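Data block below; observations after.
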Amino acid sequence: PQYFDYMSSIFADLDAEGVLVVSYVAQDRQGGLESNDAAHTYTSRYVGNMDWIRVGSEVETPARALHDSPSWSATPNLFVVRKSDMVFATAQEISNTYLPLVRIAAHGRGLSFLSDDDEVSVGMGGGSRTWPARALPAPDAVAWDELHDLPHAIVTGTNGKSTTVRLLTAMAEAAGHVVGSSSTDYVRVGDEVLDHGDWSGPGGGRMLLRDRRVTLGLLETARGGMMRRGLALERADLAVVLNVDEDHLSEWATPDLVSMADAKLIPGRVARTLVLNADDEHVVGAFERLVAGLREGTAAPEVVWFGLDATDERLAAHRAAGRRAAVLDGEVLTLVRGDEVTALVPVAEVPMTLGGAALYNVANALAACAAAAELGLEPDAIRAGLLAFASDPADNPGRLNRFDLGGATALVDFAHNPGGFAALFGAARALSAERRLVLLGQSGDRDLESSRAMARQCAEAGFDLVVIKEQTEHLR
């Protein structure tokens, strides 16, 4: 629903002309392509099983014809038809007539409603109940008093999502929570990995929030998952937007940084509170556009800013209004609320920042501190997480892992776009060294200009030796 709201805002002029923007994506839960026969499953979640679609004068056209119809094509998987020419037909005998009723009843009680092709659930964690999608009970048969939601957060951005989710996990575990988290590597509950793979889409979020062991949920949410399959949640307590940079441009209706930033702010349409990067002009601009585009009478989400400069004008004005922020105050990670200041940990003592050299991880740590406070964690738990979370393969695999190799220091990082390269090279330059060497490669699913930009960055960084690796499993 959030994706369709977003697309509708872009094509509002078309709507005024009596046409409808329609997007169908045929993919499995891991993002792999399926046949066109599966393309209608998203809509069938809401209108029952869609046996056929009639477009124009055609009669009982199979669902796959939606892809083959001569309708004008705006972008891949997106086209426009006249509303008067489009009819959805459902087979009511196998559709779930209780689904919309249970959804309305859940929302009326302030409970989350999660649905997919196989299952429907209400509530979260130990306060959830899950049913087969085609066997929902009537609303008056649901034990509503046993259901409740949990503290949870959506974490998105171009870079740093996995690191921030893992650091937040360490903080929440220090507070005694059983954390459920989804990421590009796995879905995890406590110490158990439920499944390996890229679960940064809505499927991973639903999986962890339905696990009855979970007491706090953290959903890493990638732009691709949002644009293809929407969000796991129709409403959320908290969303974190770390940054916006060039990565996967021209995919899924994001041809430039402005549209990319707007896509990253999609969680702002469902979250009551946003943790945002005050140092990122694209994040700031997208938030301003989000607020400007709200319908009259719709309240804007509350904002908690984080930033590296405690004297920044935006942060200063925010604090003067008595609002909350997380800032680097001198050399100390600090939470503020108006004039109230809570010093957490000197940045030099936070392992993931390499003594403060990795400024991008200082920013990620500030975002995690702000989010942790909004999730109700006490300062002592936040401090414990900051001090315990190591920059190694055990705590944060593939993200600024540091190895001492017989007098040489090796930094291993998943940097895969120009912003990531710039941040990593900045951290490397901040460490004293007699020589600096770099080994790099890039997967073939990135656009050519991004690869060229990273090559230029590497050439201009002044390394003493550059080694190029060919990633044969990720060729174009």
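No experiment lies behind these values; they were computed from the predicted model shown.
Looking at Ser121, its side chain never comes within 3.5 Å of a backbone N or O of Arg210 through a donor-acceptor pair. Side-chain atoms of Arg212 come within 3.5 Å of backbone N or O of Ser128 as a donor-acceptor pair. At least one donor-acceptor pair closer than 3.5 Å links the side chain of His152 to the backbone N or O of Asp237. A donor-acceptor pair under 3.5 Å is formed between the side chain of His318 and the backbone N or O of Arg324. Put simply, the side chain of Asp395 never gets that close to the backbone of Asp392: no donor and acceptor are under 3.5 Å apart. A donor-acceptor pair under 3.5 Å is absent between the side-chain atoms of Asp280 and the main chain of Asn243, judged by distance alone. Between the Arg109 side chain and the Leu147 main chain, no donor and acceptor come within less than 3.5 Å of each other. Asp413 contributes a side-chain N or O that, together with a main-chain N or O of Leu400, makes up a donor-acceptor pair within less than 3.5 Å. No donor-acceptor pair under 3.5 Å is formed between the side chain of Thr184 and the backbone N or O of Ser200.
Contact record, Leu274 with Gly268: CD2-CA, 3.7 Å, taken as the closest heavy-atom pair. Heavy-atom minimum distance, Leu294 versus Ala300: CD1-CA, 3.6 Å. Closest of all the heavy-atom pairs between Leu219 and Ala232 is CD2-CB, 4.0 Å. In this structure, Leu114 and Leu233 approach most closely via the heavy-atom pair CD2-CD2, 3.5 Å. Heavy-atom minimum distance, Arg235 versus Gly110: NH1-CA, 4.4 Å. For the residue pair Ala133 and Asp116, the shortest heavy atom distance occurs at CB-O, 4.0 Å.
For the atom pair Leu208 CG and Ser182 OG, the distance stands at 5.0 Å (nearest 0.5 Å). Of the inter-residue distances, the one linking Glu340 atom CD with Arg319 atom CZ reads 10.5 Å to the nearest 0.5 angstrom. Note that the CG atom of Leu359 and the OG1 atom of Thr353 stand 9.0 Å from one another [nearest 0.5 Å]. Once rounded to the nearest 0.5 Å, the distance linking CG of Asn364 with OG1 of Thr164 reads 4.0 Å. How far CE of Met352 is from CZ of Arg402: 14.5 Å, rounded to the nearest 0.5 Å. Atoms CH2 and CG, on Trp305 and Asp279 in that order, are 10.0 Å from each other to the nearest 0.5 Å.
Defined by atom type and a distance below 3.5 Å, a donor-acceptor pair is missing between the side-chain atoms of Thr163 and Arg399. Donor-acceptor pairing under 3.5 Å is recorded for the side chains of Glu220 and Ser162.
Side-chain contact between Phe425 and Cys458 is present, with heavy atoms from C-beta onward closer than 4.5 Å. Side-chain contact between Val350 and Val362 is absent, with no heavy atoms from C-beta onward closer than 4.5 Å. Thr158 places a side-chain heavy atom less than 4.5 Å from the side chain of Lys264. At least one side-chain heavy atom of Leu335 sits under 4.5 Å from a side-chain heavy atom of Ile382. A heavy-atom distance below 4.5 Å is not found between the side chains of Val178 and Leu216. Residues Phe306 and Asn277 form a side-chain contact, since some pair of their non-hydrogen atoms from C-beta on lies under 4.5 Å apart. Residues Glu331 and Pro346 form no side-chain contact, since every pair of their non-hydrogen atoms from C-beta on lies 4.5 Å or further apart. Between Val187 and Asp211, every side-chain heavy-atom pair lies at or beyond the 4.5 Å cut-off.
Taking the ring axis of Phe463 as reference, the NZ or CZ atom of Arg436 does not stay both within 45° of it and closer than 6.0 Å to the ring centre.
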Using the rule given for side chain to side chain contact (heavy atoms under 4.5 Å, CB included), can you reason through Asp309 versus Leu315, listing the C-alpha separation, both sets of side-chain angles and the distance that settles it, and then say yes or no?
CA-CA 8 Å; Asp309 183 4; Leu315 289 173; 5.6 Å; no
Pair Leu328-Leu333, side chain to side chain contact (heavy atoms under 4.5 Å, CB included): steps then yes or no
CA-CA 5 Å; Leu328 183 62; Leu333 300 178; 4.0 Å; yes
Begin with the C-alpha distance, continue with both residues' side-chain angles, and end with the deciding distance and a verdict on salt bridge (Lys or Arg N to Asp or Glu O under 4.0 Å) for Arg206 and Glu119.
CA-CA 10 Å; Arg206 289 191 291 265; Glu119 294 180 321; over 6 Å; no
Give the C-alpha distance, both sets of side-chain angles, the deciding distance and a yes or no for side chain to side chain contact (heavy atoms under 4.5 Å, CB included) between Tyr360 and Asn159.
CA-CA 9 Å; Tyr360 64 99; Asn159 296 310; over 6 Å; no
Walk me through it: do Leu440 and Phe421 pass the test side chain to side chain contact (heavy atoms under 4.5 Å, CB included)?
CA-CA 10 Å; Leu440 76 159; Phe421 268 39; 3.4 Å; yes
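Environment of CG in Asp464: crowded, with over 12 heavy atoms of neighbouring residues, nucleotides or ligands closer than 6.0 Å. Residue Asp191 places its CG atom among 12 or fewer non-hydrogen atoms of other residues, nucleotides or ligands, all under 6.0 Å distant.
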